[in-house]
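What follows is a single structure, written as structure tokens, with notes after it.
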Amino acid sequence: MKNNLNHGYDGLLIVIEGTDGSGKSTQVNLLSQYIIDRCYGCTVSEWKTSRLISGIINEAKEKNMLNTTTYSLLYAADYTDRLENEIIPALKAGFVVLMDRYIYTAYVRDSVRGHDINWVKNLYSFAPKPDLVFYLNVAPDVLIKRLIAKNGALDYFESGRDIGLSTDIYNSFEIYQKRCLDEYKKLIKEYGFIVLDGTKSQDEIHQKIKNEVEKLLNSGKIQ
Ligand code: ADP
């Protein structure tokens, strides 16, 4: 049931995980620049960006047509399409592949939406195991401030409004994100997450990530 398929490709698979607003894209951008500066090929794959599936998910979300199972299965299809068409080809070509969210996002969100975690793990059992997973830990009250400053509002799904936690979006966001953080916490040890305090400065976090990635680059795992 556990995802333990070492990928065995020439490249490296590095994941940055965390809740919405935890600083993932910021760190992915900084890290990709560092990897490119080190003269390695680098590609980024973001959650829900499959050309085949993401439009369907967006449309279904807009019309509020997703139940928890179709939600899970469509996201799994999005991941699978990116795996086949972006991630594996880049790994085979010896690239460093940076993932802005990975299967752990599905573990967390689907569990919070009521699915048995083992069902979700089984759904993604073919997923290659990453070489490194960084997890940005940030409390909901900080996330709210960041997301309001960035987007001017909170997202319906990122606030768990689809599962009826509260009619007040701020309250719903806090409950939902707290549940997500609790689910992430359960995965830390099992999947060897490197936990980072996401409230530190962007540069401080980047230095920590860079140090770990540097060790991996120097380990001879990638040429
Ligand atoms: P995510 O990709 O996880 O949703 P972002 O990287 O888009 O998060 O960051 C969300 C917001 O928080 C952005 O406005 C970003 O500039 C800001 N941010 C990112 N990292 C930090 C940090 N370490 N400290 C304070 N603000 C941050």
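We count ligands from 1, going down the list as the structure has it; atoms in each ligand are counted the same way.
- Atom 3 (O) of ligand 1 has as its closest protein heavy atom K24 NZ, 2.7 Å.
- Counting only heavy atoms of the protein, atom 25 (C) of ligand 1 lies nearest to R146 NH2, 3.5 Å.
- Atoms of ligand 1 lying under 4.0 Å from any heavy atom of G21, numbered from 1 in the order shown and given with element: 1 (P), 3 (O), 4 (O), 8 (O), 10 (C).
- The shortest contact between atom 8 (O) of ligand 1 and any protein heavy atom is with G23 N, 3.1 Å.
- Atoms of ligand 1 found under 4.0 Å from any heavy atom of I205, numbered from 1 in the order shown, are 23 (N).
- On a distance-only criterion, D100 and ligand 1 share no N/O pair closer than 3.5 Å.
- In this structure, K178 pairs ionically with D182, as a charged nitrogen and a carboxylate oxygen lie closer than 4.0 Å.
- Here is the list of ligand 1 atoms found below 4.0 Å of a heavy atom in Q202: 16 (O), 18 (N), 19 (C), 20 (N), 21 (C), 22 (C), 23 (N), 27 (C).
- Scanning the protein for heavy atoms near atom 23 (N) of ligand 1, the closest one is K200 O, 2.8 Å.
- The number of heavy atoms from other shown groups lying within 6.0 Å of NZ (K208) does not exceed 12.
- The shortest N/O to N/O separation between T26 and ligand 1 falls below 3.5 Å.
- The atoms of ligand 1 that sit less than 4.0 Å from any heavy atom of G198 are 23 (N).
- In the hydrophobic clustering of ILVMFWY residues, with side-chain heavy atoms under 4.5 Å counting as a link, V97 and V28 come out apart.
- Taking the six-membered ring where the residue is Trp, W47 and Y79 present tilted rings, their angle falling between 30° and 60°.
- When hydrophobic clusters are built by joining Ile, Leu, Val, Met, Phe, Trp and Tyr residues whose side-chain heavy atoms come closer than 4.5 Å, directly or via intermediates, Y170 is grouped together with V142.
- In the model, T26 has no side-chain atom that pairs as donor or acceptor with a side-chain atom of Q202 under 3.5 Å.
- Scanning both residues, S166 and N171, for their nearest heavy atoms gives OG-ND2, 3.2 Å.
- When ring centroids are compared, Y71 and Y75 come within the 6.0 Å threshold.
- Using a non-hydrogen distance threshold of 4.0 Å, V28 does not register as a contact of ligand 1.
- Taking a cut-off of under 4.0 Å to the non-hydrogen atoms of D20, the atoms of ligand 1 that pass are 4 (O).
- Only the backbone of T19 comes within 4.0 Å of ligand 1, judged by heavy-atom distances.
- Y104 has its ring centre no less than 6.0 Å from the ring centre of Y135.
- Contact analysis leaves E204 out of contact with ligand 1, as no non-hydrogen atom separation drops below 4.0 angstrom.
- A heavy-atom separation below 4.0 Å is found between S201 and ligand 1.
- Look at R179 and E183 and you find no salt bridge, because none of the NZ, NE, NH1 or NH2 atoms lies under 4.0 Å from a carboxylate O.
- At the top of the distance list for atom 7 (O) of ligand 1, counting protein heavy atoms only, stands K150 NZ, 2.9 Å.
- Counting heavy atoms closer than 4.0 Å to ligand 1, residue Q27 contributes nothing at all.
- With respect to the salt-bridge test (charged N to carboxylate O, under 4.0 angstrom), the residues D162 and R113 qualify.
- At the top of the distance list for atom 2 (O) of ligand 1, counting protein heavy atoms only, stands S25 OG, 2.3 Å.
- Using a 4.0 Å heavy-atom cutoff, A149 is absent from the residues neighbouring ligand 1.
- A donor-acceptor contact closer than 3.5 angstrom links the side chains of Q33 and D37.
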